[in-house]
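The structure under discussion appears below in the form of C-alpha coordinates.
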Number of protein chains: 2
Amino acid sequence: MVEQKLKTKNRSPGRPSRTGAFGNVSDLRDSILDHAELAFAEAGFEGANLREIASLAGVNQALIRYYFGSKADLFDECFRRRGGLLAGHRHVNLDRLLEISENPSVEDLVYAYLKPQWDMKYSSPNGAAFVAMQARLHAEPEEHALRLRREIYDASVKRYISALSQVLPQVPKDIISVRMAFLVGAYLFMLNDLGRIGDLTEGHLTSFGKDEMLDQLVRFLAAGLRAPA
Amino acid sequence: MVEQKLKTKNRSPGRPSRTGAFGNVSDLRDSILDHAELAFAEAGFEGANLREIASLAGVNQALIRYYFGSKADLFDECFRRRGGLLAGHRHVNLDRLLEISENPSVEDLVYAYLKPQWDMKYSSPNGAAFVAMQARLHAEPEEHALRLRREIYDASVKRYISALSQVLPQVPKDIISVRMAFLVGAYLFMLNDLGRIGDLTEGHLTSFGKDEMLDQLVRFLAAGLRAPA
DNA sequence: ATGTTAATTATTCATTTGAATAATAACAAG
DNA sequence: CTTGTTATTATTCAAATGAATAATTAACAT
(Lines give C-alpha, C1' and ligand atoms only; values in the text may rest on other atoms or scores of the structure.)
Protein backbone atom coordinates (compact mmCIF):
# COMPACT_ATOMS: atom_id res chain seq x y z
CA MET A 1 0.00 0.00 0.00
CA VAL A 2 1.42 3.27 -1.08
CA GLU A 3 1.04 6.08 1.39
CA GLN A 4 -1.72 7.83 -0.44
CA LYS A 5 -1.83 11.06 1.41
CA LEU A 6 -3.27 13.30 -1.33
CA LYS A 7 -1.23 15.96 0.34
CA THR A 8 -1.95 19.58 -0.14
CA LYS A 9 0.81 21.95 -1.14
CA ASN A 10 3.31 22.74 1.54
CA ARG A 11 1.79 26.04 2.45
CA SER A 12 1.38 26.95 6.05
CA PRO A 13 -1.99 27.87 7.41
CA GLY A 14 -2.94 31.45 7.85
CA ARG A 15 -3.12 34.34 5.51
CA PRO A 16 -0.69 33.94 2.62
CA SER A 17 2.12 36.39 2.08
CA ARG A 18 1.58 38.66 -0.86
CA THR A 19 5.27 39.42 -1.12
CA GLY A 20 6.10 36.51 -3.43
CA ALA A 21 7.07 37.29 -7.00
CA PHE A 22 3.90 35.60 -8.22
CA GLY A 23 0.63 34.81 -6.59
CA ASN A 24 -2.29 37.12 -6.56
CA VAL A 25 -4.70 36.47 -3.72
CA SER A 26 -7.38 34.82 -5.80
CA ASP A 27 -5.06 32.47 -7.63
CA LEU A 28 -6.24 29.65 -5.50
CA ARG A 29 -9.85 30.44 -6.07
CA ASP A 30 -9.30 30.22 -9.81
CA SER A 31 -7.30 27.08 -9.46
CA ILE A 32 -10.18 25.49 -7.62
CA LEU A 33 -12.59 26.47 -10.36
CA ASP A 34 -10.30 25.13 -13.05
CA HIS A 35 -9.91 21.78 -11.46
CA ALA A 36 -13.54 21.55 -10.51
CA GLU A 37 -14.39 22.10 -14.14
CA LEU A 38 -12.22 19.21 -15.16
CA ALA A 39 -13.60 16.98 -12.46
CA PHE A 40 -17.24 17.72 -13.16
CA ALA A 41 -16.67 17.13 -16.83
CA GLU A 42 -15.04 13.78 -16.29
CA ALA A 43 -17.22 12.40 -13.57
CA GLY A 44 -20.40 14.43 -13.46
CA PHE A 45 -21.76 16.22 -10.47
CA GLU A 46 -22.20 13.22 -8.21
CA GLY A 47 -19.07 11.52 -9.40
CA ALA A 48 -16.75 14.44 -8.83
CA ASN A 49 -15.10 14.51 -5.49
CA LEU A 50 -14.14 17.52 -3.45
CA ARG A 51 -11.10 16.00 -1.87
CA GLU A 52 -9.58 15.27 -5.23
CA ILE A 53 -10.45 18.66 -6.64
CA ALA A 54 -8.82 20.29 -3.66
CA SER A 55 -5.78 18.11 -3.92
CA LEU A 56 -5.26 18.75 -7.61
CA ALA A 57 -5.83 22.44 -7.15
CA GLY A 58 -3.21 22.32 -4.41
CA VAL A 59 -5.45 23.59 -1.67
CA ASN A 60 -7.12 22.36 1.43
CA GLN A 61 -10.60 21.01 1.02
CA ALA A 62 -12.05 23.50 3.44
CA LEU A 63 -10.96 26.30 1.20
CA ILE A 64 -13.54 25.23 -1.32
CA ARG A 65 -16.18 25.68 1.27
CA TYR A 66 -14.72 28.98 2.28
CA TYR A 67 -14.92 30.37 -1.22
CA PHE A 68 -17.94 28.66 -2.69
CA GLY A 69 -20.06 27.05 -0.02
CA SER A 70 -21.47 23.68 -0.95
CA LYS A 71 -20.54 21.38 -3.79
CA ALA A 72 -23.62 22.49 -5.69
CA ASP A 73 -22.58 26.10 -5.32
CA LEU A 74 -19.18 25.27 -6.70
CA PHE A 75 -20.75 23.62 -9.67
CA ASP A 76 -22.95 26.60 -10.36
CA GLU A 77 -20.06 28.98 -10.16
CA CYS A 78 -18.07 26.86 -12.58
CA PHE A 79 -20.91 26.90 -14.95
CA ARG A 80 -21.64 30.56 -14.73
CA ARG A 81 -18.07 31.57 -15.28
CA ARG A 82 -17.77 30.17 -18.77
CA GLY A 83 -21.44 30.07 -19.60
CA GLY A 84 -21.65 33.79 -19.17
CA LEU A 85 -18.67 34.23 -21.43
CA LEU A 86 -20.29 32.10 -24.08
CA ALA A 87 -23.59 33.90 -23.97
CA GLY A 88 -21.69 37.15 -24.24
CA HIS A 89 -19.81 36.04 -27.33
CA ARG A 90 -23.04 35.01 -28.95
CA HIS A 91 -24.58 38.37 -28.32
CA VAL A 92 -21.58 40.14 -29.76
CA ASN A 93 -21.53 37.95 -32.85
CA LEU A 94 -25.16 38.61 -33.49
CA ASP A 95 -24.74 42.33 -33.03
CA ARG A 96 -21.97 42.35 -35.57
CA LEU A 97 -23.93 40.39 -38.10
CA LEU A 98 -26.93 42.64 -37.83
CA GLU A 99 -24.73 45.68 -38.11
CA ILE A 100 -23.37 44.54 -41.43
CA SER A 101 -26.68 43.60 -42.99
CA GLU A 102 -30.37 43.62 -42.23
CA ASN A 103 -30.73 40.14 -43.62
CA PRO A 104 -27.78 37.89 -42.91
CA SER A 105 -27.87 34.38 -44.31
CA VAL A 106 -29.13 31.48 -42.24
CA GLU A 107 -25.66 30.01 -42.44
CA ASP A 108 -24.13 33.14 -41.00
CA LEU A 109 -26.56 33.13 -38.13
CA VAL A 110 -25.99 29.51 -37.32
CA TYR A 111 -22.28 29.96 -37.55
CA ALA A 112 -22.36 32.99 -35.30
CA TYR A 113 -24.21 30.96 -32.73
CA LEU A 114 -22.01 27.89 -32.87
CA LYS A 115 -18.57 29.34 -33.27
CA PRO A 116 -18.01 30.60 -29.74
CA GLN A 117 -18.47 27.23 -28.13
CA TRP A 118 -16.57 25.55 -30.89
CA ASP A 119 -13.63 27.83 -30.21
CA MET A 120 -13.93 27.30 -26.51
CA LYS A 121 -13.71 23.58 -26.93
CA TYR A 122 -10.46 23.79 -28.83
CA SER A 123 -8.94 26.62 -26.90
CA SER A 124 -7.77 24.53 -23.94
CA PRO A 125 -8.40 21.35 -21.98
CA ASN A 126 -10.57 23.36 -19.65
CA GLY A 127 -12.58 24.68 -22.53
CA ALA A 128 -13.22 21.14 -23.67
CA ALA A 129 -14.11 20.18 -20.13
CA PHE A 130 -16.71 22.89 -20.02
CA VAL A 131 -18.32 21.56 -23.15
CA ALA A 132 -18.54 18.14 -21.62
CA MET A 133 -19.95 19.60 -18.44
CA GLN A 134 -22.60 21.35 -20.38
CA ALA A 135 -23.56 18.29 -22.33
CA ARG A 136 -24.04 16.48 -19.07
CA LEU A 137 -26.06 19.28 -17.62
CA HIS A 138 -28.43 19.09 -20.53
CA ALA A 139 -29.01 15.43 -19.89
CA GLU A 140 -29.89 15.97 -16.27
CA PRO A 141 -33.54 16.16 -15.41
CA GLU A 142 -33.19 18.04 -12.17
CA GLU A 143 -35.02 21.26 -11.78
CA HIS A 144 -31.85 22.93 -10.72
CA ALA A 145 -30.01 22.12 -13.92
CA LEU A 146 -32.87 23.56 -15.87
CA ARG A 147 -32.85 26.82 -13.97
CA LEU A 148 -29.15 27.25 -14.54
CA ARG A 149 -29.45 26.76 -18.24
CA ARG A 150 -32.31 29.17 -18.46
CA GLU A 151 -30.57 31.77 -16.43
CA ILE A 152 -27.50 31.73 -18.60
CA TYR A 153 -28.62 30.98 -22.11
CA ASP A 154 -32.24 31.84 -22.66
CA ALA A 155 -31.81 35.46 -23.55
CA SER A 156 -29.30 34.89 -26.32
CA VAL A 157 -31.17 31.94 -27.75
CA LYS A 158 -34.30 34.01 -28.01
CA ARG A 159 -32.48 36.72 -29.88
CA TYR A 160 -31.26 34.21 -32.43
CA ILE A 161 -34.74 32.84 -32.81
CA SER A 162 -36.01 36.30 -33.61
CA ALA A 163 -33.25 36.94 -36.09
CA LEU A 164 -33.84 33.63 -37.82
CA SER A 165 -37.50 34.36 -37.91
CA GLN A 166 -36.85 37.55 -39.80
CA VAL A 167 -34.69 35.98 -42.46
CA LEU A 168 -37.08 33.04 -42.82
CA PRO A 169 -40.47 34.66 -43.07
CA GLN A 170 -41.96 31.57 -44.70
CA VAL A 171 -41.44 29.59 -41.50
CA PRO A 172 -43.70 30.38 -38.54
CA LYS A 173 -41.86 31.52 -35.48
CA ASP A 174 -42.93 28.69 -33.24
CA ILE A 175 -41.53 26.25 -35.73
CA ILE A 176 -38.27 28.14 -35.75
CA SER A 177 -38.21 27.83 -31.99
CA VAL A 178 -38.59 24.11 -32.12
CA ARG A 179 -35.96 23.84 -34.79
CA MET A 180 -33.63 25.89 -32.69
CA ALA A 181 -33.96 23.26 -30.00
CA PHE A 182 -33.04 20.59 -32.54
CA LEU A 183 -30.04 22.66 -33.44
CA VAL A 184 -28.84 22.91 -29.90
CA GLY A 185 -29.19 19.18 -29.48
CA ALA A 186 -27.26 18.36 -32.60
CA TYR A 187 -24.39 20.68 -31.94
CA LEU A 188 -23.96 19.89 -28.28
CA PHE A 189 -24.00 16.23 -28.97
CA MET A 190 -21.56 16.56 -31.78
CA LEU A 191 -19.20 18.78 -29.95
CA ASN A 192 -19.09 16.47 -27.00
CA ASP A 193 -18.95 13.34 -29.04
CA LEU A 194 -16.65 14.36 -31.78
CA GLY A 195 -13.95 11.88 -31.01
CA ARG A 196 -16.38 9.06 -31.41
CA ILE A 197 -18.14 9.96 -34.58
CA GLY A 198 -15.39 7.97 -36.16
CA ASP A 199 -17.12 4.82 -35.01
CA LEU A 200 -19.83 5.28 -37.55
CA THR A 201 -17.71 6.32 -40.43
CA GLU A 202 -15.45 3.32 -40.67
CA GLY A 203 -12.36 5.40 -40.76
CA HIS A 204 -13.39 7.85 -43.43
CA LEU A 205 -13.62 10.54 -40.83
CA THR A 206 -9.94 11.28 -40.72
CA SER A 207 -10.36 13.16 -43.96
CA PHE A 208 -12.33 15.84 -42.10
CA GLY A 209 -10.53 18.60 -40.36
CA LYS A 210 -12.03 20.29 -37.36
CA ASP A 211 -13.12 23.34 -39.29
CA GLU A 212 -14.57 21.29 -42.06
CA MET A 213 -16.64 19.47 -39.50
CA LEU A 214 -18.07 22.72 -38.25
CA ASP A 215 -18.90 23.68 -41.81
CA GLN A 216 -20.68 20.40 -42.29
CA LEU A 217 -22.73 21.00 -39.21
CA VAL A 218 -23.66 24.50 -40.26
CA ARG A 219 -24.74 23.30 -43.67
CA PHE A 220 -26.84 20.54 -42.17
CA LEU A 221 -28.55 22.76 -39.65
CA ALA A 222 -29.15 25.60 -42.07
CA ALA A 223 -30.85 23.22 -44.47
CA GLY A 224 -33.01 21.94 -41.64
CA LEU A 225 -33.99 25.42 -40.58
CA ARG A 226 -34.93 26.31 -44.13
CA ALA A 227 -37.08 23.27 -44.69
CA PRO A 228 -40.57 24.20 -45.84
CA ALA A 229 -42.93 24.16 -42.92
CA MET B 1 -37.57 11.73 13.56
CA VAL B 2 -39.74 9.39 11.61
CA GLU B 3 -38.80 5.75 11.81
CA GLN B 4 -37.31 5.56 8.36
CA LYS B 5 -36.83 1.87 8.04
CA LEU B 6 -37.01 1.56 4.24
CA LYS B 7 -38.38 -1.85 5.05
CA THR B 8 -38.36 -4.61 2.54
CA LYS B 9 -41.56 -6.50 1.80
CA ASN B 10 -42.66 -8.95 4.41
CA ARG B 11 -41.41 -12.01 2.61
CA SER B 12 -39.62 -14.75 4.45
CA PRO B 13 -36.15 -15.72 3.43
CA GLY B 14 -35.57 -18.84 1.46
CA ARG B 15 -36.64 -20.12 -1.89
CA PRO B 16 -40.02 -18.66 -2.85
CA SER B 17 -43.01 -20.85 -3.50
CA ARG B 18 -43.97 -21.14 -7.13
CA THR B 19 -47.43 -22.31 -6.14
CA GLY B 20 -48.96 -18.87 -5.79
CA ALA B 21 -51.54 -17.80 -8.33
CA PHE B 22 -49.13 -15.19 -9.63
CA GLY B 23 -45.42 -14.83 -9.32
CA ASN B 24 -42.98 -16.39 -11.63
CA VAL B 25 -39.55 -16.90 -10.13
CA SER B 26 -37.94 -13.95 -11.87
CA ASP B 27 -40.59 -11.43 -10.91
CA LEU B 28 -38.23 -9.92 -8.42
CA ARG B 29 -35.42 -9.79 -10.90
CA ASP B 30 -37.60 -7.78 -13.24
CA SER B 31 -38.82 -5.56 -10.49
CA ILE B 32 -35.23 -4.72 -9.66
CA LEU B 33 -34.50 -3.85 -13.25
CA ASP B 34 -37.59 -1.68 -13.50
CA HIS B 35 -36.77 0.33 -10.46
CA ALA B 36 -33.11 0.55 -11.32
CA GLU B 37 -34.10 2.02 -14.65
CA LEU B 38 -36.10 4.71 -12.95
CA ALA B 39 -33.36 5.44 -10.47
CA PHE B 40 -30.58 5.65 -13.04
CA ALA B 41 -32.70 7.93 -15.18
CA GLU B 42 -33.44 10.29 -12.35
CA ALA B 43 -30.09 10.41 -10.66
CA GLY B 44 -27.53 9.06 -13.07
CA PHE B 45 -25.19 6.19 -12.39
CA GLU B 46 -23.38 7.70 -9.45
CA GLY B 47 -26.44 9.31 -8.01
CA ALA B 48 -28.58 6.22 -8.00
CA ASN B 49 -28.52 4.26 -4.82
CA LEU B 50 -28.80 0.52 -4.39
CA ARG B 51 -30.56 0.63 -1.06
CA GLU B 52 -33.33 2.71 -2.48
CA ILE B 53 -33.66 0.64 -5.61
CA ALA B 54 -33.93 -2.47 -3.49
CA SER B 55 -36.43 -0.89 -1.20
CA LEU B 56 -38.67 0.34 -3.99
CA ALA B 57 -38.43 -2.96 -5.76
CA GLY B 58 -39.45 -4.60 -2.53
CA VAL B 59 -36.40 -6.79 -2.18
CA ASN B 60 -33.36 -7.04 -0.02
CA GLN B 61 -30.32 -5.21 -1.24
CA ALA B 62 -28.26 -8.35 -1.37
CA LEU B 63 -30.61 -9.77 -3.95
CA ILE B 64 -29.38 -7.23 -6.44
CA ARG B 65 -25.92 -8.55 -5.96
CA TYR B 66 -27.14 -12.08 -6.24
CA TYR B 67 -28.75 -11.47 -9.59
CA PHE B 68 -26.57 -8.86 -11.18
CA GLY B 69 -23.29 -8.52 -9.38
CA SER B 70 -22.03 -4.98 -9.03
CA LYS B 71 -23.86 -1.72 -9.51
CA ALA B 72 -22.17 -1.30 -12.87
CA ASP B 73 -23.36 -4.71 -13.95
CA LEU B 74 -26.88 -3.79 -12.99
CA PHE B 75 -26.66 -0.65 -15.07
CA ASP B 76 -25.44 -2.55 -18.08
CA GLU B 77 -28.18 -5.08 -17.81
CA CYS B 78 -30.78 -2.33 -17.59
CA PHE B 79 -29.38 -0.79 -20.65
CA ARG B 80 -29.13 -3.93 -22.67
CA ARG B 81 -32.65 -4.98 -21.93
CA ARG B 82 -34.33 -2.08 -23.64
CA GLY B 83 -31.49 -1.08 -25.88
CA GLY B 84 -31.61 -4.46 -27.52
CA LEU B 85 -35.31 -4.10 -28.04
CA LEU B 86 -34.82 -0.73 -29.65
CA ALA B 87 -32.13 -1.87 -32.00
CA GLY B 88 -34.36 -4.77 -32.92
CA HIS B 89 -37.27 -2.54 -33.79
CA ARG B 90 -35.06 -0.42 -35.95
CA HIS B 91 -33.86 -3.40 -37.88
CA VAL B 92 -37.39 -4.59 -38.42
CA ASN B 93 -38.57 -1.19 -39.57
CA LEU B 94 -35.76 -0.95 -42.06
CA ASP B 95 -36.42 -4.43 -43.36
CA ARG B 96 -40.04 -3.54 -43.96
CA LEU B 97 -39.21 -0.33 -45.76
CA LEU B 98 -36.75 -2.00 -48.07
CA GLU B 99 -39.22 -4.75 -48.76
CA ILE B 100 -41.79 -2.30 -50.02
CA SER B 101 -39.48 -0.31 -52.21
CA GLU B 102 -35.90 -0.20 -53.35
CA ASN B 103 -35.75 3.51 -52.81
CA PRO B 104 -37.71 4.71 -49.82
CA SER B 105 -37.83 8.41 -49.12
CA VAL B 106 -35.37 10.03 -46.76
CA GLU B 107 -38.32 10.93 -44.57
CA ASP B 108 -39.40 7.33 -44.35
CA LEU B 109 -35.94 6.22 -43.37
CA VAL B 110 -35.58 8.85 -40.70
CA TYR B 111 -39.02 8.09 -39.39
CA ALA B 112 -38.30 4.39 -39.27
CA TYR B 113 -35.22 5.09 -37.23
CA LEU B 114 -36.80 7.50 -34.78
CA LYS B 115 -40.20 6.01 -34.22
CA PRO B 116 -39.24 3.07 -31.99
CA GLN B 117 -37.63 5.21 -29.35
CA TRP B 118 -40.36 7.78 -29.66
CA ASP B 119 -42.93 5.11 -28.94
CA MET B 120 -40.89 3.74 -26.12
CA LYS B 121 -40.78 7.10 -24.46
CA TYR B 122 -44.54 7.45 -24.46
CA SER B 123 -45.37 3.85 -23.77
CA SER B 124 -44.75 3.99 -20.02
CA PRO B 125 -42.88 5.78 -17.27
CA ASN B 126 -40.17 3.19 -17.57
CA GLY B 127 -39.91 3.80 -21.26
CA ALA B 128 -39.41 7.47 -20.62
CA ALA B 129 -36.86 6.62 -17.95
CA PHE B 130 -34.89 4.62 -20.43
CA VAL B 131 -34.75 7.53 -22.81
CA ALA B 132 -33.39 9.72 -20.06
CA MET B 133 -30.87 7.06 -19.11
CA GLN B 134 -29.69 6.89 -22.64
CA ALA B 135 -29.35 10.63 -22.98
CA ARG B 136 -27.17 10.60 -19.91
CA LEU B 137 -25.10 7.74 -21.19
CA HIS B 138 -24.34 9.67 -24.32
CA ALA B 139 -23.07 12.57 -22.30
CA GLU B 140 -20.68 10.42 -20.32
CA PRO B 141 -17.11 10.32 -21.47
CA GLU B 142 -16.19 7.05 -19.84
CA GLU B 143 -14.80 4.36 -22.01
CA HIS B 144 -17.32 1.97 -20.60
CA ALA B 145 -20.30 4.02 -21.71
CA LEU B 146 -18.88 4.15 -25.17
CA ARG B 147 -18.44 0.40 -25.39
CA LEU B 148 -22.02 -0.17 -24.32
CA ARG B 149 -23.39 2.15 -26.94
CA ARG B 150 -21.30 0.57 -29.61
CA GLU B 151 -22.24 -2.90 -28.63
CA ILE B 152 -25.93 -2.20 -28.78
CA TYR B 153 -26.46 0.37 -31.49
CA ASP B 154 -23.66 0.40 -34.00
CA ALA B 155 -24.93 -2.34 -36.24
CA SER B 156 -28.32 -0.81 -36.85
CA VAL B 157 -26.96 2.68 -37.29
CA LYS B 158 -24.62 1.44 -39.95
CA ARG B 159 -27.43 -0.18 -41.84
CA TYR B 160 -29.33 3.09 -41.88
CA ILE B 161 -26.28 4.92 -43.09
CA SER B 162 -26.00 2.52 -45.99
CA ALA B 163 -29.65 2.84 -46.87
CA LEU B 164 -29.49 6.61 -46.75
CA SER B 165 -26.41 6.52 -48.85
CA GLN B 166 -28.28 4.66 -51.53
CA VAL B 167 -31.19 7.04 -51.71
CA LEU B 168 -28.87 10.03 -51.60
CA PRO B 169 -26.24 9.22 -54.18
CA GLN B 170 -25.27 12.89 -54.51
CA VAL B 171 -23.98 12.90 -50.93
CA PRO B 172 -20.73 11.07 -50.19
CA LYS B 173 -21.10 8.30 -47.66
CA ASP B 174 -18.74 9.75 -45.11
CA ILE B 175 -20.79 12.90 -45.06
CA ILE B 176 -23.92 10.86 -44.53
CA SER B 177 -22.19 9.24 -41.60
CA VAL B 178 -21.43 12.54 -40.02
CA ARG B 179 -24.93 13.76 -40.61
CA MET B 180 -26.29 10.64 -39.03
CA ALA B 181 -24.40 11.61 -35.89
CA PHE B 182 -26.03 15.03 -36.02
CA LEU B 183 -29.35 13.31 -36.32
CA VAL B 184 -28.79 11.17 -33.29
CA GLY B 185 -27.80 14.20 -31.30
CA ALA B 186 -30.83 16.20 -32.28
CA TYR B 187 -33.35 13.52 -31.62
CA LEU B 188 -31.89 12.30 -28.34
CA PHE B 189 -31.70 15.77 -27.02
CA MET B 190 -35.17 16.60 -28.12
CA LEU B 191 -36.69 13.45 -26.78
CA ASN B 192 -35.14 13.95 -23.43
CA ASP B 193 -35.75 17.63 -23.32
CA LEU B 194 -39.17 17.83 -24.76
CA GLY B 195 -40.89 19.21 -21.71
CA ARG B 196 -38.57 22.16 -21.73
CA ILE B 197 -38.62 23.19 -25.33
CA GLY B 198 -41.52 25.32 -24.21
CA ASP B 199 -39.05 27.67 -22.60
CA LEU B 200 -37.87 28.89 -25.92
CA THR B 201 -41.19 29.18 -27.61
CA GLU B 202 -42.86 31.60 -25.27
CA GLY B 203 -45.92 29.49 -24.93
CA HIS B 204 -46.57 28.82 -28.59
CA LEU B 205 -45.50 25.25 -28.12
CA THR B 206 -48.74 24.07 -26.66
CA SER B 207 -50.15 24.11 -30.16
CA PHE B 208 -47.94 21.16 -31.05
CA GLY B 209 -49.11 17.68 -30.32
CA LYS B 210 -46.63 14.92 -29.68
CA ASP B 211 -46.97 13.43 -33.11
CA GLU B 212 -46.70 16.75 -34.79
CA MET B 213 -43.45 17.30 -32.98
CA LEU B 214 -42.05 14.09 -34.34
CA ASP B 215 -43.11 15.15 -37.81
CA GLN B 216 -41.34 18.43 -37.35
CA LEU B 217 -38.18 16.67 -36.34
CA VAL B 218 -38.33 14.30 -39.28
CA ARG B 219 -38.80 17.17 -41.69
CA PHE B 220 -35.90 19.07 -40.17
CA LEU B 221 -33.53 16.13 -40.24
CA ALA B 222 -34.49 14.99 -43.70
CA ALA B 223 -33.80 18.45 -45.05
CA GLY B 224 -30.43 18.42 -43.33
CA LEU B 225 -29.55 15.03 -44.76
CA ARG B 226 -30.49 16.17 -48.24
CA ALA B 227 -28.44 19.34 -48.10
CA PRO B 228 -26.03 19.59 -51.04
CA ALA B 229 -22.60 18.48 -49.94
C1' DA C 1 -36.17 -39.28 4.30
C1' DT C 2 -32.42 -36.72 3.19
C1' DG C 3 -29.10 -34.06 1.38
C1' DT C 4 -28.31 -30.35 -2.26
C1' DT C 5 -29.20 -26.30 -4.54
C1' DA C 6 -31.65 -21.84 -5.33
C1' DA C 7 -33.59 -17.69 -3.73
C1' DT C 8 -34.06 -14.63 -0.24
C1' DT C 9 -33.38 -11.81 4.06
C1' DA C 10 -30.63 -9.87 8.03
C1' DT C 11 -26.49 -8.08 9.44
C1' DT C 12 -21.86 -6.39 9.27
C1' DC C 13 -17.77 -4.06 7.07
C1' DA C 14 -14.97 -0.77 5.15
C1' DT C 15 -14.61 3.22 2.69
C1' DT C 16 -15.82 7.40 0.80
C1' DT C 17 -17.62 11.71 1.12
C1' DG C 18 -19.48 16.29 2.02
C1' DA C 19 -19.59 19.14 5.71
C1' DA C 20 -18.09 21.39 9.91
C1' DT C 21 -14.93 23.19 13.31
C1' DA C 22 -10.68 24.63 15.22
C1' DA C 23 -6.15 26.43 14.67
C1' DT C 24 -2.88 29.65 12.54
C1' DA C 25 -0.55 33.23 10.13
C1' DA C 26 -0.37 37.73 7.55
C1' DC C 27 -1.94 42.06 7.23
C1' DA C 28 -4.60 46.38 8.25
C1' DA C 29 -6.41 49.84 11.31
C1' DG C 30 -6.76 52.36 15.34
C1' DC D 1 1.24 47.19 19.91
C1' DT D 2 -3.23 45.41 20.26
C1' DT D 3 -7.13 43.96 17.96
C1' DG D 4 -9.85 42.37 14.27
C1' DT D 5 -10.31 40.43 9.68
C1' DT D 6 -9.03 37.46 5.84
C1' DA D 7 -7.15 33.42 3.79
C1' DT D 8 -5.51 29.18 4.63
C1' DT D 9 -4.53 24.44 6.72
C1' DA D 10 -5.37 20.44 9.97
C1' DT D 11 -8.60 17.70 12.07
C1' DT D 12 -13.01 15.77 13.18
C1' DC D 13 -17.96 14.36 12.32
C1' DA D 14 -21.62 11.99 10.75
C1' DA D 15 -23.90 9.99 7.22
C1' DA D 16 -24.26 7.33 3.09
C1' DT D 17 -23.07 3.69 0.37
C1' DG D 18 -21.42 -0.43 -2.18
C1' DA D 19 -19.95 -4.75 -1.00
C1' DA D 20 -19.69 -8.95 1.57
C1' DT D 21 -21.10 -12.63 4.56
C1' DA D 22 -24.02 -15.37 7.26
C1' DA D 23 -28.44 -17.22 8.11
C1' DT D 24 -32.77 -19.12 6.60
C1' DT D 25 -36.04 -21.55 4.10
C1' DA D 26 -38.30 -23.78 0.31
C1' DA D 27 -38.07 -26.71 -3.78
C1' DC D 28 -36.10 -30.57 -5.83
C1' DA D 29 -33.56 -34.69 -6.93
C1' DT D 30 -32.17 -39.21 -5.27
Side-chain angles (χ1 to χ4, degrees), chain A residues 1-20 22-33 35-36 39-40 43-77, chain B residues 1-2 4-20 23-33 35-36 39-40 43-77:
Chain A
M1 280 294 154
V2 179
E3 257 297 304
Q4 176 132 5
K5 214 34 189 328
L6 272 193
K7 260 276 244 350
T8 166
K9 287 270 175 57
N10 200 11
R11 227 185 341 266
S12 38
R15 186 172 198 163
S17 150
R18 208 173 299 196
T19 54
F22 47 32
N24 176 316
V25 174
S26 61
D27 263 3
L28 295 181
R29 188 175 189 279
D30 284 340
S31 176
I32 292 170
L33 279 175
H35 287 277
F40 285 132
F45 179 76
E46 307 276 355
N49 151 270
L50 294 182
R51 271 167 177 61
E52 200 182 328
I53 293 174
S55 158
L56 292 172
V59 305
N60 186 281
Q61 195 193 150
L63 196 60
I64 297 182
R65 213 177 135 60
Y66 177 71
Y67 277 128
F68 303 99
S70 72
K71 188 185 185 184
D73 293 331
L74 173 63
F75 182 91
D76 291 359
E77 187 58 27
Chain B
M1 279 295 154
V2 178
Q4 176 133 3
K5 218 23 192 332
L6 272 193
K7 260 277 243 352
T8 167
K9 286 272 176 57
N10 200 11
R11 226 185 343 265
S12 40
R15 186 169 195 162
S17 147
R18 206 173 301 195
T19 54
N24 174 316
V25 174
S26 60
D27 262 4
L28 295 182
R29 189 173 189 280
D30 284 341
S31 175
I32 291 171
L33 280 176
H35 287 277
F40 285 131
F45 179 76
E46 308 275 356
N49 150 272
L50 293 183
R51 273 169 177 59
E52 201 182 327
I53 293 173
S55 158
L56 291 172
V59 305
N60 187 281
Q61 196 193 152
L63 196 61
I64 297 182
R65 215 177 130 58
Y66 178 72
Y67 276 128
F68 304 98
S70 73
K71 187 185 185 184
D73 293 332
L74 173 62
F75 182 91
D76 291 0
E77 187 57 28

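The figures that follow rest on heavy atoms only: side chains count, while hydrogens, waters and symmetry mates do not. Throughout, a chain's letter reflects where its sequence line sits, starting with A, and its residues are numbered from 1.
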Roughly, in whole Å, what's the span from CD in B:E52 to C1' in D:dG18?
15 Å
If you round to the nearest 0.5 Å, how far is CD of B:Q61 from CG of B:N49?
7.5 Å
To the nearest Å, give me how far apart CZ (A:R29) and C1' (D:dA7) are.
13 Å
Distance check needed: D:dT9 C1' versus A:Y67 OH, whole Å only.
13 Å
Can you tabulate the close N/O pairs, meaning under 3.5 Å, that link protein atoms to atoms of nucleotides 12-15 of chain D?
none

Parallel, tilted or perpendicular: which fits the ring planes of B:F40 and B:F45, with parallel below 30° and perpendicular above 60°?
parallel
From C-beta outward on A:L63, which listed nucleotide comes closest to its side chain: D:dT9, C:dT8, C:dT9?
D:dT9
Distance in angstrom units between A:L50 CG and C:dT15 P, rounded:
21 Å
Selected nucleotide, minimal atom distance to B:A62 side chain, candidates C:dT8, D:dA20, D:dA19
D:dA20
Roughly, in whole Å, what's the span from CD in A:E46 to P in D:dA16?
14 Å
Specify the separation, in whole Å, of atom OH of B:Y66 and atom C1' of D:dT24.
14 Å
Criterion side-chain contact (heavy atoms from CB on, under 4.5 Å) on B:V59 and B:I53, from CA distance to verdict
CA-CA 9 Å; B:V59 305; B:I53 293 173; over 6 Å; no
Identify which nucleotide among C:dT8, D:dT21, C:dA19 has an atom closest to any side-chain atom of B:R65, counting heavy atoms from C-beta outward.
D:dT21
In whole angstrom, give the distance that lies between atom CD1 of B:I64 and atom P of C:dA7.
16 Å
What is the nucleic acid contact for B:A48, judged by heavy atoms within less than 4.0 Å: base, sugar-phosphate only, or nothing?
sugar-phosphate
Checking contacts here: which listed nucleotide (C:dG18, D:dT8, D:dT9) is nearest the side-chain heavy atoms of A:K71?
C:dG18
Can you tell me the distance, in whole Å, between the CZ atom of B:F68 and the P atom of D:dG18?
15 Å
